[in-house]
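Heads up: the structure comes next, in structure tokens.
Since this is a predicted model, take the numbers as computed values, not measurements.
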Amino acid sequence: MSPMWGSVEQYSTIHWSWAIAIYLFLAGLSSGSILVALLVKWNRHERSNSSIWDAIIKAGAVVAPMAIFLGLLLLVIDLGRPLSFYWLLIRYNITSVMSLGVLFLLIYTPIVMVFMLLVFERSVIKHPFLAPLEGLITLVKSFHSYAKIIEYFLFGAALCVGSYTGFLLSALYAIPLWNSPLLPILFLTSSLSSGVAVNILIGLLFFKSTINTESIKYLLVLDTRVILTELPLLGLFFIGMFYAGGDAPSAAKAALTQGFWAGIFWLGVIGVGLGLPLLTVIVALRSHVYRVGYIVINSMVVILGVLMLRYYIIYAGQIYLG
């Protein structure tokens, strides 16, 4: 494991490792990127004459399926018995958060793949080895009268995927830092923030010819609002722990003041992940300066901050038990 995150061996209580933290991050990144792509499509293009598939939407169509597939691959490998993973796909328990999560993923993943095919239809048709997919695209396009309903359904599925990771942790009552009703909301808002950042980053780096500056401004405003939501959510998250009773108050105090992970929270999550992007976006919006270099660096910082939040919740939750 990278020294940046510390050695797992120093914590005898660690059962959910870095692989779970990255899976939670990738699942949130996937849901956030498709949520952002759909918001841009609905709010920035249906009222204009520009191409509906601009750089931000293309970025979301690429990132969402790639991130969820990488996350699921990592999760299957981390289970230790990857050949037995299929049991999760055929046996369901509606009272189990993990079973519901698998169900959400089974619904979400194929739809987000179809969305990608529609966005990159011209590129798919050009390649002979992708020719079999042309029939699928034609079939999907035959339901064009239901396009908005399907998009709403995809949006709802993405919301479920983004929040279920928080429900997965909050269902573990024995860990004070995870047992909070605010955790799913916190994970969902941070997923949206990472979606804004990754779509801007990928759009600027790989789809620059179809960049719509109005979409960038729209997303910068959106990210500012999301960050201003995350900060009070984090405050309420820990205030709730202090008033929860039992081991929760001492666990919250330790998680905020003791050791390596307290530093990660204040310097990484609050300072780098929320404070610095908020300052950068406010300056950009007030001065109307949208330099590509600043926006790229800001996007990378936001993504790093969301990743550190996942790491912090996973590791601090298992270390600081009260």
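Scanning for ring-ring contact (aromatic ring centres under 6.0 Å, His included) contacts around F155 gives W42, with sequence neighbours left out. The ring-ring contact (aromatic ring centres under 6.0 Å, His included) check on Y312 picks up F265, with sequence neighbours excluded. For T229, the side chain to side chain contact (heavy atoms under 4.5 Å, CB included) criterion is met by T189, L233, not counting sequence neighbours. Partners of F153 according to the ring-ring contact (aromatic ring centres under 6.0 Å, His included) rule, which considers only residues two or more places apart in sequence or in another chain, do not exist here. Every residue two or more places apart in sequence or in another chain that forms a side chain to side chain contact (heavy atoms under 4.5 Å, CB included) with S180 is listed here: L182, F237. Every residue two or more places apart in sequence or in another chain that forms a side chain to side chain contact (heavy atoms under 4.5 Å, CB included) with A244 is listed here: A248. By the side chain to side chain contact (heavy atoms under 4.5 Å, CB included) test, L228 is found to be paired with T224, L278, residues two or more places apart in sequence or in another chain being considered.
Here E151 does not pair with K148 in a salt bridge; the nearest charged N to carboxylate O distance is not below 4.0 Å.
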Show me the donor-acceptor pairs, under 3.5 Å and distance only, between side chains in residues 22-34 and residues at least two apart or in other chains.
from : atom 1 : to   : atom 2 : distance (Å)
Y23  : OH     : Y164 : OH     : 2.4
S30  : OG     : A64  : O      : 2.6
S30  : OG     : Y108 : OH     : 2.7
S31  : OG     : A27  : O      : 3.4
S31  : OG     : G28  : O      : 3.0
S33  : OG     : L29  : O      : 3.2
S33  : OG     : S30  : O      : 2.9
S33  : OG     : A64  : N      : 3.4

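Here side chain to side chain donor-acceptor pair (under 3.5 Å) pairs that include residues 242-252, with residues two or more places apart or in two chains, number zero.
In this structure, L177 CG and L256 CG are separated by 8.5 Å, a value rounded to the nearest 0.5 Å.
Side-chain N/O atoms of S215 and D54 include a donor and acceptor closer than 3.5 Å.
Between V306 and S194, the shortest heavy-atom distance links the atoms CG2-CB, 3.9 Å.
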